[in-house]
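Notes follow once the structure below has been shown.
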Amino acid sequence: MVQVSDEIEQRVELRERKLPESLESLGRLAWNYWWSWTGGGTSVFRDLDPSVWEECEHNPRRLLMQVSEFRLAQMATDPVYCERVRQLAERFDQYVEDVRTWESHTDKRITRSNPVAYFCAEYGIHNSLPFYSGGLGILAGDHLKSASDLRLPLVAVGLLYRYGYFRQRLRRDGWQEEHYGETQPNVLPIHLVRDEGGEPVRVEVLMRGRNVKAQAWRVDVGRVQLYLLDTNIEENEDTDRLVTGHLYGGDRETRMVQEMMLGIGGIRLLRRLRIEPHVFHLNEGHSAFLTLELAREIREAEGVSFHEAARLVKECCVFTTHTPIAAGNDEFIVPLIEKCFGSSYEESLGLSHEDFINMGRVRPNDEKELYALTPLAIKMCRSTNGVSRKHGEVSRALWQSLWPEHTLDEIPITHITNGVHAPTWVAPMIRSLYEKHVGGNWAEIAHNADEWKRRIDKISDEDLWRTHSLLKQRLIAFIRQRTFQKRLALNESIDYIESARTMFDADILTIGFARRVAAYKRWELLLTDPHRLLRLMNDEHRPVQFIFAGKAHPQDQGAKLILQHLSQWKHDALVRNRAVFLQDYDQEIARQLVQSVDVWMNVPRRPLEASGTSGEKVAMNGGLNLSVLDGWWLEGYDGTNGFAIGDAIPGDEISDIDEADAQSLYRTLEEEVAPTYYERDSKGIPRRWVQMMRRSIETLVPAFNSDRMVDEYARKIYL
Ligand SMILES: *Cc1c(COP(=O)(O)O)cnc(C)c1O
């Protein structure tokens with residue numbers, strides 16, 4: 001029975017349908033992720049049928065396939081709804097057809113036929129496209145959206161993962177399990193790339209002795225095209241179909257062949273599409289093999305030496321490094337390189353085997369050194385940058401030995417601090433505050449710090465506080481619903497399931513902590529003194545509640561133990577209403593949290609947070625950061641716009657630093673954060689707190705948004 005209905009559902013699902021004339025443009029809107037960062041975009045799709053919208057995980061193409069005939073007819077005859085659709089479509093057409101191009105007002109070297117080619121192993125465009133794991137992917141997604149908004153000609157290249165990144169489920173005993181859903185390209189709003197004859201475009205890369213073929217999908221992100229290579233096609237052997245299987249989920253060999261496909265296959269795809277990039281941007285080292293492929297092409301065309309070819313490659317490649325620790329870089333044992341590449345590739349480069357391997361080493365001929373992609377990228381690119389000022393400095397020290405003749409200050413690694421895409425991360429209610437007081441073009445005004453400040457000053461305390469309070473109520477409703485469903489699914493006790501309906505309180509100071517569970521992020525820091533923490537949470541006059549979320553790497557047993565340790569508290573009467581762990585941290589949970597918490601906490605071990613971006617999302621929604629002075633916060637904090645913790649001296653024993661930072665964290669929460677939050681005037685408004693919210697918006701939004709970041713890349717790095 002079940003099977004039959006499943007089958008019917010499948011068949012129904014897979015059908016593209018003709019939309020009623022008054023809603024026809026929804027079909028067009030669904031195929032470009034522009035709607036996802038445009039005011040009123042999400043709600044137009046959601047309102048078509050809210051429950052189907054949830055069911056299909058906010059994927060508009062699926063929504064249009066699944067919504068019932070009756071509902072569609074109902075909405076097609078609702079004049080108010082039809083007018084909303086019409087207006088959205090009109091704005092979309094204006095957006096994509098805008099004739100003001102980047103080159104017409106900026107620089108003639110980057111054009112539509114000579115765009116920036118941006119390479120990354122993951123992209124976080126929207127929750128319905130599960131091709132990201134965390135910060136790097138979200139950053140890449142925000143980069144594309146800002147390039148689109150700024151009209152910077154850019155095409156992006158990545159991989160279409162058949163199983164994406166894992167979904168997290170915690171068992172009742174708190175142990176993390178990983179689940180993989182299968183991507184169904186034929187219900188996603190992505191186009192299979194075809195040639196003039198209508199045949200799917202294919203590229204081929206020789207790896208592990210076999211020619212592996214890939215097809216390509218195109219995702220439209222405003223004016224930007226993102227191409228994703230996919231080896232899951234019949235012509236490939238089963239193992240090779242899984243090259244683009246899991247994101248960061250396979251063994252070292254899988255990682256290696258993925259990176260060959262991304263770098264080498266990516267270049268071949270651009271050639272097939274006749275795209276001639278002005279510059280290639282390697283966002284993290286995963287795509288570093290593209291530089292070898294470019295050198296191979298030049299040698300093939302011009303018969304020059306590898307040395308000369310490398311010089312030419314270097315002129316058009318730039319590299320961004322994202323990790324501040326050597327162990328975080330992608331490394332491979334030499335036999336794996338030999339197995340995956342064979343010997344023909346180095347021959348076509350005109351390199352001896354030793355010289356080929358040495359490209360991935362800091363110290364040539366050091367047999368103990370692994371082959372790593374960061375040194376390869378640094379050597380083959382004309383520019384290398386870190387992602388915050390501090391990270392630039394750390395990277396110079398980390399890679400100093402690549403320039404033995406330079407002093408530390410002379411190492412040519414710079415930085416561009418990460419930013420986030422404001423229209424994507426700002427809550428609709430905050431957006432309308434900005435529209436009202438700053439203007440419809442508020443995101444552009446934010447490029448100008450003085451003008452932005454002048455206009456933000458016009459928002460009244462009352463308006464800002466009321467808007468924030470409403471968002472907090474939404475967050476609590478979200479937490480209760482998610483938690484209720486999770487507990488139900490886990491067969492928890494009735495009493496425990498029921499308690500989810502009343503957990504949390506919108507009047508209580510709410511702190512969010514959501515990030516990867518990795519040692520340096522120090523999840524346990526808050527638990528250093530459990531009694532002190534419980535006192536803080538249950539204080540009679542100034543209670544505090546905490547929301548946690550984050551995934552542990554599947555192979556990181558230590559991180560999973562931390563999660564399990566945390567979950568031992570879940571039934572404790574003193575914790576149950578004041579702390580929650582939201583499972584399966586993703587872009588949707590991130591959005592709910594960053595738009596609504598009072599405080600965002602970040603306590604990494606310095607200087608290991610290359611930049612961090614989630615706190616920037618919080619700032620643009622009026623939340624306050626409470627963070628160790630590391631990464632972006634070291635540049636953002638000015639004494640009036642949030643809270644800084646950690647006066648530990650770097651260089652001390654790690655355990656001493658952790659202890660000192662924990663004390664500083666408790667002290668700041670008890671003596672600064674909670675008192676300021678609960679200090680109210682006769683109208684119930686925490687004036688000093690709201691003043692800090694305003695300072696946070698004024699000072700941080702202009703500096704830490706991705707328009708500023710992409711513009712800086714364009715001017716300082718691409719040109
Ligand atoms: C923004 C974001 C991140 C990156 O945040 P960090 O500050 O680097 O921890 C990770 N995951 C998701 C889902 C995000 O939205």
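All values below come from the heavy atoms of this structure, side chains included, with hydrogens, waters and symmetry mates left out. We count ligands from 1, going down the list as the structure has it; atoms in each ligand are counted the same way. Please read all numbers here as calculations on a predicted model, not as lab measurements.
Aromatic ring orientation, Tyr180 versus His246: perpendicular (interplanar angle above 60°, classes split at 30° and 60°).
The residue among Ala610, Ser627, Ala549, Gly135 with a heavy atom at the shortest distance from atom 3 (C) of ligand 1 is Gly135.
By the 6.0 Å and 45° rule, Lys570 does not stack over the aromatic ring of Phe581. In this structure, Arg515 is positioned above the aromatic face of Phe513, its NZ or CZ under 6.0 Å from the six-membered ring centre and within 45° of the axis.
Polar contact check, Asp586 against ligand 1: no nitrogen or oxygen pair lies under 3.5 Å apart. By the 3.5 Å distance cut-off applied to N or O atoms, Trp425 is not counted among the residues near ligand 1. The N/O atoms of Thr613, backbone and side chain alike, include one that comes under 3.5 Å of an N/O atom in ligand 1.
At a heavy-atom distance under 4.0 Å, only side-chain atoms of Ala590, from C-beta outward, approach ligand 1. Heavy atoms of His322 found under 4.0 angstrom from ligand 1: none, in either backbone or side chain.
Taking every non-hydrogen atom of Arg515 and a distance limit under 4.0 Å, the qualifying atoms of ligand 1 come out as 7 (O), 9 (O). If you number the atoms of ligand 1 from 1 as listed, the ones under 4.0 Å from a heavy atom of Gly612 come out as 7 (O), 8 (O). The Lys521 neighbourhood of ligand 1 comprises atoms 9 (O), with distances under 4.0 Å to a heavy atom of that residue.
Taking the six-membered ring wherever Trp is involved, the centroid distance between the rings of His143 and Tyr713 falls below 6.0 Å.
From the protein, the heavy atom lying nearest to atom 6 (P) of ligand 1 is Ser614 OG, 3.5 Å. Here the heavy atom of the protein found nearest to atom 11 (N) of ligand 1 is Tyr585 CE2, 3.6 Å. Regarding atom 1 (C) of ligand 1, its nearest protein heavy-atom neighbour is Lys617 NZ, 1.4 Å.
Taking 4.0 Å as the cut-off between side-chain N and carboxylate O, Arg522 and Glu609 do not count as a salt-bridged pair. The pair Asp658-Arg605 meets the salt-bridge criterion, with a side-chain N (NZ, NE, NH1 or NH2) lying under 4.0 Å from an Asp/Glu carboxylate O.
Side-chain contact, Thr640 with Asp638: a donor N or O sits under 3.5 Å from an acceptor N or O. In the model, Thr699 has a side-chain atom that pairs as donor or acceptor with a side-chain atom of Asn641 under 3.5 Å.
Partner of Trp425 under the side-chain hydrogen bond (donor to acceptor under 3.5 Å, both in side chains) criterion, chosen from Asp142, Asn705, Thr613: Asp142.
Residue-ligand proximity: Arg516 is placed with every non-hydrogen atom at 4.0 Å or more from ligand 1.
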